[in-house]
Student: 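Dropping the structure in here first, questions after.
If you read the sequence from its start, that first residue is 1, and numbering goes on from there.
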Amino acid sequence: MASPLTLLLVRHGQSEWNAAGRMQGQTAHVPLTELGHRQAAQAAAELAALVGQGRGPGALFSSDLRRALQTAAHCAAATGLPVRTTPALREQGYGVLEGRPSRELWDLVDWTDPHWAAEGGESLAELHTRVGSFLAELRADPPAEVVAVVTHGDTIRAAQAVAAGLGPAEMPAVTPHNGTVTVLELAGVLR
């Protein structure tokens with residue numbers, strides 16, 4: 001049996017749209033706020049401390065969306081690792097709802113149906129499949145025993161569900177806070 005692969009899932013720092021309460025999804029251009037840069041620097045310091053203890057990442061992946069890339073730049077500077085970007089780590093796409101105030105969406109989105117998607121967006125089931133495919137590829141050919149992954153809240157929840165063998169309807173309800181590091185062990189074969 002292969003040794004476990006440890007993922008250090010970093011949620012990007014606060015973005016301008018997080019602060020404004022706007023639905024981001026896969027909108028590419030949204031930058032971090034000053035607080036977001038401080039949160040990203042703190043997450044990067046956490047990764048660097050693990051490197052100093054011999055338990056740090058040997059590879060660094062990131063979503064290709066600006067808020068994640070800005071966070072990943074802090075992580076790269078702190079760890080000395082190059083950033084590998086992939087659209088597989090993007091946030092769930094919300095299509096025509098992106099940019100709208102989040103509070104307006106509670107009556108428009110069916111949060112209980114993992115197959116519901118906004119026009120031009122993707123469902124939780126599609127997000128779960130996308131993230132599951134990325135994790136399966138990473139598990140099949142890991143670049144290191146510990147990998148840092150800079151990504152988004154719903155993407156982290158999907159990764160947690162995949163690692164636990166849970167479907168998209170059973171994703172954790174709690175989204176990690178901006179700029180936090182979530183440790184996830186991937187053992188055995190992913191489904």
Side-chain angles (χ1 to χ4, degrees), residues 7-47 60-77 83 85-132 134 148-162 168-182 184:
L7 299 183
L8 304 173
L9 302 169
V10 180
R11 182 171 179 210
H12 64 79
Q14 180 192 64
S15 72
E16 289 180 359
W17 284 15
N18 287 138
R22 294 172 69 186
M23 180 64 77
Q24 296 177 103
Q26 294 186 3
T27 301
H29 67 276
V30 183
L32 297 180
T33 62
E34 287 184 33
L35 172 59
H37 279 288
R38 288 194 304 272
Q39 291 170 331
Q42 180 59 43
E46 193 173 330
L47 296 181
L60 175 60
F61 286 85
S62 177
S63 158
D64 60 353
L65 302 178
R66 184 174 183 190
R67 58 197 185 268
L69 288 172
Q70 288 181 317
T71 301
H74 286 277
C75 296
V83 179
T85 61
T86 176
L89 293 172
R90 288 180 181 173
E91 181 60 285
Q92 179 181 3
Y94 281 98
V96 297
L97 301 180
E98 293 181 14
R100 292 184 58 179
S102 298
R103 68 184 177 282
E104 291 179 2
L105 304 180
W106 287 108
D107 294 331
L108 299 176
V109 176
D110 185 351
W111 302 104
T112 64
D113 180 0
H115 299 286
W116 179 91
E119 180 185 333
E122 72 182 330
S123 68
L124 282 175
E126 291 167 322
L127 170 68
H128 186 276
T129 298
R130 173 168 50 88
V131 172
F134 172 79
V149 176
V150 180
T151 189
H152 309 269
D154 288 343
T155 310
I156 291 172
R157 293 186 317 114
Q160 291 171 317
V162 169
E170 303 162 307
M171 286 173 47
V174 177
T175 301
H177 294 290
N178 292 106
T180 57
V181 179
T182 301
L184 186 64

Student: Quick one: does Arg157's side chain have a donor or acceptor within less than 3.5 Å of a partner on Pro172's backbone?
Tutor: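 Looks like yes, one N/O pair under 3.5 Å.
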Student: Check whether Arg22 reaches the backbone of Gly99 with its side chain - one donor and one acceptor, N or O, closer than 3.5 Å.
Tutor: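 Yes; at least one donor-acceptor contact below 3.5 Å.
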Student: Could you tell me the separation between the CG atom of Leu108 and the CZ atom of Arg100, rounded to the nearest 0.5 Å?
Tutor: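 Spacing of CG (Leu108) from CZ (Arg100) equals 5.5 Å.
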Student: What is the minimum heavy-atom distance between Ala88 and Val131, and which atoms define it?
Tutor: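 Heavy atoms only, the tightest pair is O-CG2, 4.3 Å.
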Student: Okay, side chain of Ser102, backbone of Gly21: is any donor-acceptor separation there less than 3.5 Å?
Tutor: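 Confirmed, Ser102 side chain pairs with Gly21 backbone.
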Student: Hey, are the side chains of Ile156 and Thr175 touching, using non-hydrogen atoms and a 4.5 Å cut-off?
Tutor: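 When only atoms from C-beta onward are counted, Thr175 and Ile156 do not touch, as no gap falls below 4.5 Å.
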Student: Is there a donor-acceptor pair under 3.5 Å between the side chain of Gln42 and the backbone N or O of Arg38?
Tutor: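 No; zero donor-acceptor contacts below 3.5 Å.
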Student: Do Trp17 and His29 have side chains that approach each other closer than 4.5 Å (heavy atoms only, starting at C-beta)?
Tutor: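 Yes, close enough: below the 4.5 Å cut-off.
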Student: Please answer whether the main-chain N or O of Ser123 pairs with a side-chain N or O of Glu126 as donor and acceptor at a distance below 3.5 Å.
Tutor: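 Pair found, side chain donor or acceptor close to backbone of Ser123.
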Student: If you define the side chain from C-beta out and look only at heavy atoms, does anything of Met171 sit under 4.5 Å from Gln160?
Tutor: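 In short, these two side chains do not touch, never coming nearer than 4.5 Å.
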Student: Carefully, step by step, assess Gln92 and Thr155 under the rule side chain to side chain contact (heavy atoms under 4.5 Å, CB included).
Tutor: CA-CA 7 Å; Gln92 179 181 3; Thr155 310; over 6 Å; no
Student: Side-chain contact test, heavy atoms from C-beta onward, threshold under 4.5 Å: evaluate it for Arg11 versus His152 and give yes or no.
Tutor: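 Contact flag for Arg11/His152 side chains = no.
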Student: Nearest 0.5 Å please: distance from the CD atom of Gln24 over to the CG atom of Leu97.
Tutor: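 Between atom CD of Gln24 and atom CG of Leu97 there are 13.5 Å.
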Student: Side-chain contact, heavy-atom cut-off 4.5 Å: Arg130 with Glu122?
Tutor: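 In short, these two side chains touch, coming nearer than 4.5 Å.
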Student: Search all heavy atoms of Gly25 against all heavy atoms of Glu98 and return the closest pair with its distance.
Tutor: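 Of all heavy-atom pairs spanning Gly25 and Glu98, the closest is CA-OE2, 3.5 Å.
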Student: Would you give the length of the straight line joining atom CG of Leu60 to atom CG of Leu47, rounded to the nearest 0.5 angstrom?
Tutor: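 Interatomic distance, Leu60 CG to Leu47 CG, rounded to 0.5 Å: 7.5 Å.
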Student: Just verifying a value: how many Å separate Glu91 CD and Met23 CE, rounded to the nearest 0.5 Å?
Tutor: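 With rounding to 0.5 Å, CD (Glu91) is 8.5 Å from CE (Met23).
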Student: Quick one: are Arg90 and Thr151 in side-chain contact, heavy atoms under 4.5 Å?
Tutor: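 Sidechains of Thr151 and Arg90: no contact.
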Student: With a 4.5 Å cut-off on side-chain heavy atoms, are Val150 and Cys75 touching?
Tutor: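 Sidechains of Val150 and Cys75: in contact.
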Student: Going by side chain to side chain contact (heavy atoms under 4.5 Å, CB included), Ser63 matches just one of Thr86, Val149, Leu69, Leu89. Which one?
Tutor: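 For Ser63, the side chain to side chain contact (heavy atoms under 4.5 Å, CB included) test succeeds with only one of Thr86, Val149, Leu69, Leu89, which is Leu89.
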Student: Measure across Leu9 and Ala159 and return the closest heavy-atom pair with its distance rounded to 0.1 Å.
Tutor: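 Heavy-atom minimum between the residues: CD1-CB, 4.2 Å.
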Student: How long is the straight-line distance from CG of Leu65 back to CD of Gln70, given to the nearest 0.5 Å?
Tutor: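 Result: 11.5 Å between the selected atoms.
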Student: Inspect the contact between Glu16 and Arg67 and indicate whether a charged nitrogen and a carboxylate oxygen are less than 4.0 angstrom apart.
Tutor: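 Looking at Arg67 and Glu16, the cut-off is not met.
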Student: Can you tell me how far NE2 of His12 sits from NE2 of His74, rounded to the nearest 0.5 angstrom?
Tutor: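 If I round to the nearest 0.5 Å, the distance is 13.0 Å.
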Student: Could you check if a side-chain atom of Thr85 sits within less than 4.5 angstrom of a side-chain atom of Val83, using non-hydrogen atoms only?
Tutor: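 SC-SC contact between Thr85 and Val83 confirmed.
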Student: Heavy atoms only: give me the nearest Pro176-Thr180 pair and the separation to one decimal.
Tutor: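 The pair with the smallest heavy-atom distance is CB-OG1, 3.6 Å.
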Student: List the atom of Asn178, the atom of Gly13, and the distance in Å for their closest heavy-atom pair.
Tutor: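 Closest pair (atom of Asn178, atom of Gly13, distance): ND2-O, 3.6 Å.
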Student: Given Phe61 and Leu7, is the side chain to side chain contact (heavy atoms under 4.5 Å, CB included) satisfied, shown in steps?
Tutor: CA-CA 10 Å; Phe61 286 85; Leu7 299 183; over 6 Å; no
